[in-house]
Amino acid sequence: MPKAKGKSRRQKYSYNLNRKRLYRSARRRAAPRIACSHIRHAWDPTKSVAQNLAEMGLAEDPNKAVPIPGKKLLGMEVESNGREQGKKIVRKPYVVNEMEYEASLPEKKSNTLSRDLIDYVRYMIQNHGENYKEMARDEKNYYQDTPKQIKRKINVYKNFYPEEYKDFIASLKQEKMDVQ
């Protein structure tokens, strides 16, 4: 049997087709992706985003939560006694408390130097001491660093590992004394 005439040809792109409508319904059904674990555990999928955030004591719209002084927002009407009309009860205050506690913890220093850079700096100090011009002419200076760039790398090493640097310098002095 012969094929249908139009089936072997490439289909033309239809510019008039609304593709947003096709994906909109799938997005509505999916739960929102929440990064914070505290919010994720307290989230109620049967409620709207605004209701969930209001129960946790979080703001849905930061512009309404912290209004600009001197301007009156449309959604926030103030009663005669000075209280906001649409004030909601916080049913899950532990979410905000846990987030505040987590934010108050000090950050860990995750900055480290590569092992190659540490070895490079140690080699330069061991062979040339404080002579940066001589370091720049060294054959192990593969990246052709200038004396100032080498000095900067050594200072970075000093700042990241001050105790290790002191121990290294002390061991170099000990080696020199043993040789003499």
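Note that the structure is a prediction, hence the values are computed from the model and not measured. Position 1 is the first residue of the sequence, and the numbers go up from there.
Closest of all the heavy-atom pairs between A42 and Y94 is CB-OH, 3.7 Å.
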task = Go through the steps to decide whether I169 and K166 satisfy the test side chain to side chain contact (heavy atoms under 4.5 Å, CB included), and finish with yes or no.
result = CA-CA 5 Å; I169 296 297; K166 288 177 186 172; 5.9 Å; no
inquiry  = Set out, in order, the CA-CA distance, both residues' side-chain angles and the distance that settles side chain to side chain contact (heavy atoms under 4.5 Å, CB included) for K153 and M124, then state yes or no.
reply    = CA-CA 11 Å; K153 286 182 180 182; M124 290 296 184; over 6 Å; no
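Both V95 and V49 are part of a single hydrophobic cluster, where members link through side-chain heavy atoms under 4.5 Å apart.
Inter-residue side-chain proximity for D178 and K176 is flagged as unmet; no heavy-atom pair is nearer than 4.5 Å. No side-chain heavy atom of P93 sits less than 4.5 Å from a side-chain heavy atom of V96. Residues E130 and Y132 have side chains in contact (heavy-atom distance under 4.5 Å, counting atoms from C-beta outward). Side chains of N155 and F160 form no contact here, defined as non-hydrogen atoms less than 4.5 Å apart. The closest side-chain heavy-atom distance from Q126 to F168 is below 4.5 Å.
Between the CG atom in D119 and the CG atom in L113 there is a gap of 11.0 Å [rounded to 0.5 Å]. Note that CE of M56 and CG of D44 are 8.5 Å apart. Values are rounded to the nearest 0.5 Å. Here the CD atom belonging to E55 is positioned 5.0 Å from the NZ atom belonging to K92, to the nearest 0.5 angstrom. Taking CG from D145 and CZ from R152, the interatomic distance works out to 9.5 Å, rounded to the nearest 0.5 Å. Atoms CG and CE, from D138 and M135 in turn, are 9.0 Å apart once rounded to the nearest 0.5 Å. In this structure, CG on L58 lies 5.0 Å from CD1 on I39, to the nearest 0.5 angstrom.
With S114 as the fixed residue, the side-chain contact (heavy atoms from CB on, under 4.5 Å) test singles out one of T112, L117, I118: L117.
Side-chain atoms of Q149 come within 3.5 Å of backbone atoms of T146 as a donor-acceptor pair (strictly under, hydrogens ignored). Judged by distance alone, the side chain of Q51 and the main-chain N or O of S48 form a donor-acceptor pair under 3.5 Å. Of the possible donor and acceptor atoms, none in the side chain of N141 sits under 3.5 Å from a partner among the backbone N and O of R137.
Cation-pi geometry between K140 and Y123 is satisfied (NZ or CZ under 6.0 Å from the ring centre, within 45° of the ring normal).
Under 4.0 Å is where a charged nitrogen must lie from a carboxylate oxygen, and between R122 and E164 at least one such pair does.
The number of heavy-atom neighbours closer than 6.0 Å to CZ of R91, taken from other residues, nucleotides and ligands shown, is 12 or below. Atom NZ of K158 has more than 12 neighbouring heavy atoms from other residues, nucleotides or ligands inside a 6.0 Å radius.
Between Y157 and Y161, the two ring planes are tilted [angle within 30° to 60°].
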